[in-house]
Amino acid sequence: MESQKVDMFMMTNAKFFEGHQLNAIRERLLQMDDDKWPMVQTLQFKDPTTALLISIFAGYYGIDRFYIGDTGMGVGKLLTCGGLGVWAIVDWFLIQGATKEKNMELFNRTFMF
């Protein structure tokens with residue numbers, strides 16, 4: 001794929017991934033065929049900042065975990081009222097990293113080759 005397209009993707013989507021993952025994403029995109037570019041543009045990554053805000057305001061109900069697609073943990077938090085509050089508070093510190101990992105899983109699942 002063209003370097004300009006890869007640079008554009010990296011500038012607009014870098015906040016959705018961990019810093020140590022960016023080089024691997026860049027290399028994978030550079031090796032990819034140009035015919036896959038429309039598929040790259042349609043990917044919808046979850047915003048870690050949005051996940052944090054949801055976690056702060058509605059984390060007791062597991063909505064933050066449902067937002068990132070972690071349904072099992074969302075149900076667990078919902079049934080226990082956020083682990084009696086403890087689990088909800090711990091997620092304030094973990095939810096951004098979990099969101100970025102889910103985004104990387106989506107990227108890897110989409111571009112397996």
Side-chain angles (χ1 to χ4, degrees):
M1 188 178 305
E2 293 178 19
S3 179
Q4 289 178 328
K5 289 181 183 179
V6 172
D7 290 339
M8 182 176 63
F9 177 86
M10 296 304 292
M11 285 190 322
T12 58
N13 295 304
K15 68 179 179 178
F16 300 124
F17 301 100
E18 297 283 348
H20 63 87
Q21 297 170 334
L22 295 177
N23 286 333
I25 293 169
R26 181 175 175 72
E27 291 301 317
R28 192 173 232 172
L29 288 173
L30 286 172
Q31 294 172 0
M32 192 176 302
D33 296 329
D34 281 333
D35 60 335
K36 292 187 179 181
W37 178 246
M39 187 170 39
V40 172
Q41 291 179 312
T42 61
L43 285 177
Q44 296 292 317
F45 298 111
K46 302 293 183 182
D47 190 359
T49 306
T50 303
L52 177 62
L53 291 173
I54 292 170
S55 184
I56 290 169
F57 294 111
Y60 292 97
Y61 306 111
I63 297 171
D64 53 347
R65 290 297 179 158
F66 287 118
Y67 171 72
I68 66 171
D70 203 352
T71 308
M73 290 186 74
V75 169
K77 283 178 74 173
L78 178 64
L79 295 176
T80 63
C81 292
L84 299 175
V86 175
W87 195 354
I89 293 171
V90 169
D91 255 357
W92 293 349
F93 301 97
L94 301 179
I95 196 67
Q96 286 188 311
T99 305
K100 291 176 180 181
E101 288 202 20
K102 289 288 186 176
N103 287 336
M104 190 63 184
E105 287 175 16
L106 172 65
F107 182 82
N108 286 333
R109 200 172 46 244
T110 304
F111 300 110
M112 297 292 278
F113 61 96

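Quick caveat: nothing in here was measured; it's all calculated off a predicted structure.
- Criterion: ILVMFWY side-chain heavy atoms under 4.5 Å apart, direct or through other members. Under it, Ile56 and Ile54 are part of a common hydrophobic cluster.
- Among all heavy-atom pairs drawn from Ile68 and Ala98, the shortest one is CD1-CB, 4.0 Å.
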| task | Might you work through the side-chain contact (heavy atoms from CB on, under 4.5 Å) test for Glu2 and Asp7, ending with a clear yes or no? | result | CA-CA 9 Å; Glu2 293 178 19; Asp7 290 339; over 6 Å; no
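- A continuous path of Ile, Leu, Val, Met, Phe, Trp and Tyr side chains, each step under 4.5 Å between heavy atoms, connects Ile25 with Met32, placing both in one hydrophobic cluster.
- Leu106 and Gln44 get closest at one heavy-atom pair: CD2-O, 3.7 Å.
- Connection of Leu52 to Met104 is not established within any shared hydrophobic cluster, with ILVMFWY side chains joined at heavy-atom distances below 4.5 Å, either directly or through further cluster members.
- Shortest non-hydrogen contact noted between Tyr61 and Phe66 is O-CE1, 4.1 Å.
- For the ring pair (Phe, Tyr, Trp, His ring centres under 6.0 Å) test, no residue two or more places apart in sequence or in another chain qualifies with Tyr60.
- Residues forming a ring pair (Phe, Tyr, Trp, His ring centres under 6.0 Å) with Phe17 (at least two apart in sequence, or on another chain): Phe45.
- Taking Asn13 as the reference, nothing meets the side chain to side chain donor-acceptor pair (under 3.5 Å) condition, with sequence neighbours excluded.
- In this structure, Glu101 has no side-chain contact (heavy atoms from CB on, under 4.5 Å) partners at least two apart in sequence or on a different chain.
- Closest non-hydrogen pair, Thr99 versus Ala51, comes out as OG1-CB, 3.3 Å.
- The CE atom of Met10 sits 4.5 Å away from the CG atom of Leu22 when rounded to the nearest 0.5 Å.
- Using a 4.5 Å cut-off on side-chain heavy atoms (C-beta onward), Asn23 and Glu27 make no contact.
- Of all non-hydrogen atoms in Lys102 and Gly69, the two that sit nearest each other are NZ-O, 4.2 Å.
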Indicate every side-chain donor-acceptor pair of residues 79-95 with a distance under 3.5 Å to a residue at least two apart or in another chain.
unit_1, atom_1, unit_2, atom_2, d
Thr80, OG1, Gly76, O, 2.8
Thr80, OG1, Gly83, N, 2.9
Asp91, OD1, Arg65, NH2, 2.7
Asp91, OD2, Arg65, NE, 3.0
Asp91, OD2, Lys77, NZ, 2.8
Trp92, NE1, Ser55, O, 3.1
Trp92, NE1, Ala88, O, 3.4

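- Side-chain atoms of Thr49 and Gln96, non-hydrogen and from C-beta on, do get closer than 4.5 Å to each other.
- Of all the heavy atoms in Asn103 and Phe16, the pair that sits closest is ND2-O, 3.0 Å.
- Residues satisfying the salt bridge (Lys or Arg N to Asp or Glu O under 4.0 Å) test with Asp47, not counting sequence neighbours, are none.
- When side chains are defined from C-beta on, Arg28 counts as touching Phe107, because their heavy atoms get closer than 4.5 Å.
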